[in-house]
Amino acid sequence: MKKLFVVGNWKCNPNTLAEAKRIFDSVSEKVKPRNGLETVICPPFVFIPFLKGENVKLGAQDCFYEEKGPFTGEVSVDMLKEFGCQYVIVGHSERRKWQGETDEMINKKVKATLAGGLKTILCIEKESQIGPDLKGTEYSENLMVAFEPVSAIGTGKPYDVGAAKDMCSLIRKKVKDVPVLYGGSVNAQNAEDYVKKAGFDGFLIGGVSLVPDEFVRINQILI
Ligand code: PGA
């Protein structure tokens, strides 16, 4: 059976721990555990230690590539693991834009997070952003690629399903046996098409991941 990944990226939301707990607990209570479904929430770092739920795995939105040392503001792989993170998003286009992350930095992060055993969701817009050294199978067990066209992120304008399908096939040629997710204005109405018509293995979801009922509904589309 095909495994489906539904990953929520909360970005810099919500404002308070109370609200973070409310959203997380609501998803965790309503999402039904089932074989072949992996539900993940990636909150801001500060909330991570306070969120626990049986049916939802924890992830982070970024991670530095050094283990420790004089790197003000950074968080390491081991720090994330200590607080129960199993997943990490790397190379999100908003980090490329606001933090000036380059393909080179992102590649270092991917290697460090994979080496540390974190399931790593590498976000790309172009297939050339998959580092040449990630092609082999040695890392593939924990690597996932998320196709996130910038024009579709947070705009309410999801990417054309046919064009997304072409991109999905291109990515699969480059990194075999790696789950490929789609991200960009996913909602409960359009989600199914990206899996059934375009062949993705799941989603990376921003805005709607903060709306528990809709996020839960997306988890149930293939039931
Ligand atoms: P969106 O964000 O679902 O709000 O478009 C997706 C993302 O940035 O991962």
Side-chain angles (χ1 to χ4, degrees), residues 4-15 19-20 23-24 26-27 31 38-45 47-48 56-63 80 85-101 103 105-106 109-110 113 118-127 129-130 143-161 163-165 167-168 171 178-195 197-198 200-221:
L4 185 71
F5 298 86
V6 183
V7 183
N9 171 15
W10 284 3
K11 309 190 179 185
C12 189
N13 300 293
N15 271 337
E19 183 63 358
I23 299 168
F24 190 93
S26 175
V27 172
V31 96
E38 196 94 333
T39 306
V40 184
I41 288 180
C42 303
F45 288 134
F47 297 143
I48 289 170
V56 180
K57 306 251 163 36
L58 270 174
Q61 299 172 19
D62 181 42
C63 180
L80 293 179
C85 276
Q86 296 178 35
Y87 283 78
V88 63
I89 298 168
V90 173
H92 192 281
S93 60
E94 286 155 9
R95 293 200 61 83
R96 294 178 195 260
K97 178 177 175 189
W98 299 106
Q99 277 74 30
E101 290 198 5
D103 287 342
M105 288 159 73
I106 292 161
K109 290 183 176 192
V110 170
T113 54
L118 288 175
K119 290 189 193 297
T120 300
I121 304 165
L122 167 63
C123 298
I124 59 154
E125 184 173 45
K126 299 174 277 192
E127 153 270 352
Q129 288 167 330
I130 301 172
L143 179 65
M144 302 166 76
V145 172
F147 169 53
E148 291 226 314
V150 173
S151 65
I153 296 179
T155 57
K157 293 182 188 142
Y159 204 66
D160 176 74
V161 175
K165 182 180 179 185
M167 190 62 191
C168 185
I171 295 169
V178 166
V180 184
L181 313 184
Y182 168 76
S185 297
V186 172
N187 59 36
Q189 281 74 49
N190 63 30
E192 193 168 346
D193 280 352
Y194 289 99
V195 171
K197 293 189 185 159
F200 286 91
D201 301 295
F203 320 100
L204 182 54
I205 304 174
V208 167
S209 68
L210 294 153
V211 184
D213 285 349
E214 188 163 357
F215 186 66
V216 168
R217 239 182 298 145
I218 293 172
N219 279 267
Q220 286 155 356
I221 60 162

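Counting begins at 1 with the first residue of the sequence. Both ligands and their constituent atoms are indexed starting at 1 by order of listing. Computed from heavy atoms alone, side chains included, the values below leave out hydrogens, waters and symmetry copies.
Close N/O approach between T155 and ligand 1 is not found [any backbone or side-chain N/O within under 3.5 Å]. For the pair G206 and ligand 1, the shortest N or O to N or O distance falls below 3.5 Å. Of the N or O atoms in E94, none lie within a sub-3.5 Å distance of an N or O in ligand 1. At least one N or O atom of G207, backbone or side chain, sits closer than 3.5 Å to an N or O atom of ligand 1.
Here F47 and F24 keep their ring centres 6.0 angstrom or further from each other.
Heavy-atom proximity to E148, at under 4.0 Å, picks out these atoms of ligand 1: 6 (C), 7 (C), 8 (O), 9 (O). Close approach of ligand 1 to H92 is summarised as follows: ligand atoms under 4.0 Å from at least one heavy atom of the residue are 7 (C), 8 (O), 9 (O). Close approach of ligand 1 to G154 is summarised as follows: ligand atoms under 4.0 Å from at least one heavy atom of the residue are 1 (P), 4 (O), 5 (O). Atoms of ligand 1 found under 4.0 Å from any heavy atom of G184 (numbered from 1 in listed order, with element): 5 (O).
Residue contacts with ligand 1, taken as heavy atom pairs separated by less than 4.0 Å, involve N9 solely via side-chain atoms from C-beta onward.
Counting non-hydrogen atoms of neighbouring residues, nucleotides and ligands closer than 6.0 angstrom, the NZ atom of K11 exceeds 12 such neighbours.
At least one heavy atom of S185 lies less than 4.0 angstrom from ligand 1. At least one heavy atom of A152 sits closer than 4.0 Å to an atom of ligand 1.
The only member of K57, E38, K119 that meets side chain to side chain donor-acceptor pair (under 3.5 Å) when paired with Y87 is E38.
The side-chain heavy atoms of Q189 and R217, taken from C-beta on, include a pair separated by under 4.5 Å.
Ionic pairing of E101 and K109 is present here: one or more N-O contacts between side-chain nitrogen and carboxylate oxygen are shorter than 4.0 angstrom.
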Decide side-chain hydrogen bond (donor to acceptor under 3.5 Å, both in side chains) for H92 and Q61; before the verdict, give the C-alpha distance in whole Å, the side-chain angles of both, and the deciding distance to 0.1 Å. CA-CA 8 Å; H92 192 281; Q61 299 172 19; over 6 Å; no

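Under the 3.5 Å distance criterion, the side-chain polar atoms of T39 are left unmatched by any main-chain donor or acceptor of V56.
Taking the six-membered ring where the residue is Trp, Y182 and Y194 present parallel rings, their angle staying beneath 30° rather than reaching 60°.
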